[in-house]
Amino acid sequence: MRVLHIGKYFPPYPGGIEYFLADLMAALPQQGVQGAALVHAPHPRGAGPEWRDGSPIYRVPSYGQLLYAPLSPAFPRWLARALDEFRPDLLHLHLPNTSAFWALLLPAARRLPWVVHWHSDVVPSQLRTALRTAYRVYRPLEQALLRHSRRIIVTSPPYLQSSAALQPWRERCAVIPLGLAPERIQAAPSAATSAGLWRGAGLRLLAVGRLTYYKGHEILLQALARLPDAELIIVGDGEFRPRLQALLTRLNLGERAQLLGQTDDARLQALFASCDALCLPSLERTEAFGLVQLEAMCFGKPVIASDIPGSGVGWVVRQAGHGVLVPPGDVAALSAALAALAGDVATRERLGRQGWLRFQELFHIEQVAAQVADLYRGLLAAPD
C-alpha cells in the first residue's frame, strides 16, 4: 500500500505535528504501508525528493506565512509531480493546511480516496480577531475537503464532540490519538550537554512550545512570580517573545526564568531528563492535544496542564493519570498546583511512573501506526 501524506512542514522544522508525521511514516512500513510526504520548505528553495527512512520527502518552496498559513504558489505543481512519481493508493491530508485545498482542483488527486487527519480546528479565536475574520474564507474550502474525504482521523473524543466543523461528518470520523517514537527522544544526555542548564536548587519547570497567543506563557510567568523557589525554562520561539521578555523583566524573574529559544535535540533531551515537571498552560482549543505531554511521559515527568474545554489536552491527562489539571488562564490555580508539587517529591515520581506505563499502552507510535494502517485497509476494501 502506498500513501502520500500532505502536511505543513517536516523535520528538522520543529513542531509536534511535524515530528508525529515523521514518526508515523517511519512506523507504517512495519504495517505494510510505504509512505511519501509533500510538505513546505520554510524558505523559497524547494528540494526533493530527499529520502528519509526509505520514504521520499518533497519540500515545496514557500515565501513566508500569512496568519500561520505557508505562502506556496508552486504547491499544485509539486503535488502533481508527487502523484505522478510516487503513484499512491490514497492521500492522507494533515489539517489545518491551506495548501491541502489544491487537492480539490487536481483530477489525479480527486480520483484517489482521501483520509483527513484532523489535528486541530481552525479555531475562530477569541484572542485573535484576524483569525476569526479569515475563517469565514477558510470554512467553505475546509468543508469541501471534508465532503470529499472518505475517513477522518480525530485525535481525541472531546475534540470530535466539540468541533463544529466536524459535526456534519461524524459518521466518517475515527478517534486515533497521536503518538511518538520514544527511542527518538530518550537518548541519555551527556554530562556536557546537561551542565549549566539550571541555575538554582528549587522546583525545575519546563515549558516547550511556540511563543504565540494561545500558549499561555504569560499566565505561567505570573504563576512563577508567586513561587520564590521555582525556576522555569521556556523552549521555543515566536512572535510573542518580546512581549514575554518584557513581562519577565517587569516581574523581576531574570534569575529564575529563561526564554531559551529553539534548541537542539540533545539539549532538549537534557532539559526533559533534568526537570521536575512540564507545564502546558495553553488558553484555548487551538491546543488540540499537546503532543509535548507524550515527551514528558517518555522521561517519566509529571505534567501541569490547562483543562481546556473541548480540547484533547485534559483527555490525555485523564487517560494517562500523569498530571494535574487547572482551569485555563487561572494564575492562582496554576501557582497552587505548582506549589503542591514542589513540596511532594513522592507524588511527582508516582505521576511520572504512571505516565510512562500508560504511554506504552496508548501512545507509542507502533500502537498508533497499527490503528492508522487498519483504517487504510478498511477504506480501500470498502466499496466507493
Side-chain angles (χ1 to χ4, degrees), residues 1-63 69-117 119 145 149-151 153 176 178-181 183-184 265 365-366 368-377 379-380:
M1 191 190 313
R2 298 168 70 82
V3 176
L4 175 62
H5 296 264
I6 299 177
K8 212 170 176 182
Y9 297 104
F10 196 87
Y13 187 94
I17 303 308
E18 288 73 22
Y19 286 119
F20 166 73
L21 175 55
D23 286 349
L24 178 65
M25 288 180 61
L28 280 171
Q30 299 174 42
Q31 305 293 329
V33 179
Q34 174 65 44
L38 180 70
V39 297
H40 303 91
H43 45 66
R45 301 181 305 279
E50 62 186 67
W51 293 84
R52 179 165 175 150
D53 297 323
S55 298
I57 311 297
Y58 298 83
R59 299 184 191 266
V60 185
S62 63
Y63 300 85
L71 300 174
S72 184
F75 205 92
R77 178 165 52 85
W78 281 67
L79 174 55
R81 173 189 171 187
L83 291 169
D84 181 62
E85 293 179 358
F86 185 66
R87 299 192 177 279
D89 299 301
L90 62 83
L91 298 184
H92 189 148
L93 290 75
H94 297 260
L95 296 186
N97 177 11
T98 53
S99 292
F101 296 150
W102 288 112
L104 292 164
L105 299 182
L106 270 65
R110 290 180 64 87
R111 284 194 290 269
L112 297 171
W114 296 359
V115 171
V116 168
H117 211 131
H119 293 282
L145 192 146
S149 69
R150 297 273 295 278
R151 296 303 304 275
I153 298 173
I176 302 177
L178 298 180
L180 57 78
E183 61 274 11
R184 175 174 58 79
D265 289 344
I365 195 62
E366 291 179 0
V368 173
Q371 295 177 67
V372 171
D374 283 345
L375 183 143
Y376 291 161
R377 284 189 281 268
L379 186 158
L380 292 176

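Bear in mind the structure is a predicted one, so any value in this text is a computation, not a measurement.
When the ring-ring contact (aromatic ring centres under 6.0 Å, His included) test is applied to W78, no partner is found at least two apart in sequence or on another chain. When the side chain to side chain contact (heavy atoms under 4.5 Å, CB included) test is applied to I153, the partners found at least two apart in sequence or on another chain are H92, V115, H117, I176, V372, L375. In this view, Y9 and Y13, H40 satisfy the ring-ring contact (aromatic ring centres under 6.0 Å, His included) rule, not counting sequence neighbours. Contacts of R81 classified as side-chain hydrogen bond (donor to acceptor under 3.5 Å, both in side chains), with partners at least two apart in sequence or in another chain: E85. Under the salt bridge (charged side-chain N to carboxylate O under 4.0 Å, His left out) criterion, R87 pairs with D84, sequence neighbours left out. Residues satisfying the side chain to side chain contact (heavy atoms under 4.5 Å, CB included) criterion with D265, sequence neighbours excluded, are Y19, Q269. Listed by chain and number, the residues in a side chain to side chain contact (heavy atoms under 4.5 Å, CB included) with P56 are Q34, A36, P49, W51, Y58, F86 (sequence neighbours excluded). Take D374 and apply the salt bridge (charged side-chain N to carboxylate O under 4.0 Å, His left out) test, not counting sequence neighbours, and it matches R377. Shown here are the side chain to side chain contact (heavy atoms under 4.5 Å, CB included) partners of Q30, two or more places apart in sequence or in another chain: E366.
Side-chain atoms of S62 come within 3.5 Å of backbone N or O of A41 as a donor-acceptor pair. With hydrogens and angles disregarded, no donor-acceptor distance shorter than 3.5 Å links the side chain of W102 to the backbone of A80.
Relative orientation of the H94 and H119 rings is parallel, given thresholds of 30° and 60° on the angle between their planes.
Between L145 and W114, the closest side-chain pair of non-hydrogen atoms falls below 4.5 Å.
Scanning both residues, V60 and A74, for their nearest heavy atoms gives CG1-C, 4.0 Å. The shortest heavy-atom contact between A26 and D53 is CB-OD2, 3.9 Å. Here the closest heavy-atom approach between residue F20 and residue G179 is recorded as CD1-O, 3.2 Å. Contact record, P73 with P76: O-CD, 3.4 Å, taken as the closest heavy-atom pair. When all heavy atoms of S149 and V116 are compared, the pair lying nearest together is CB-CG2, 3.7 Å. Nearest approach of L28 to A369, heavy atoms of both residues: CD2-O, 3.6 Å.
To the nearest 0.5 Å, the span separating CZ on R111 from CG on L91 amounts to 11.5 Å. With values rounded to the nearest 0.5 angstrom, L178 atom CG is found 9.5 Å from L24 atom CG. For the atom pair I6 CD1 and L21 CG, the distance stands at 11.0 Å (nearest 0.5 Å). Atom CD1 in I57 sits 10.0 Å away from atom CG in L38 (nearest 0.5 Å).
Residue pairs meeting the salt bridge (Lys or Arg N to Asp or Glu O under 4.0 Å) criterion with at least one partner in residues 34-52, sequence neighbours excluded, are E50-R59. Pairs of residues two or more places apart, or lying in two chains, that qualify as salt bridge (Lys or Arg N to Asp or Glu O under 4.0 Å) and include a residue from residues 2-31 are D23-R184. Screening residues 100-109 for salt bridge (Lys or Arg N to Asp or Glu O under 4.0 Å) gives no qualifying pairs among residues at least two apart or on separate chains.
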**Request:** Kindly indicate, with the supporting measurements, whether the criterion side chain to side chain contact (heavy atoms under 4.5 Å, CB included) is fulfilled by V39 and N97.
**Result:** CA-CA 10 Å; V39 297; N97 177 11; over 6 Å; no

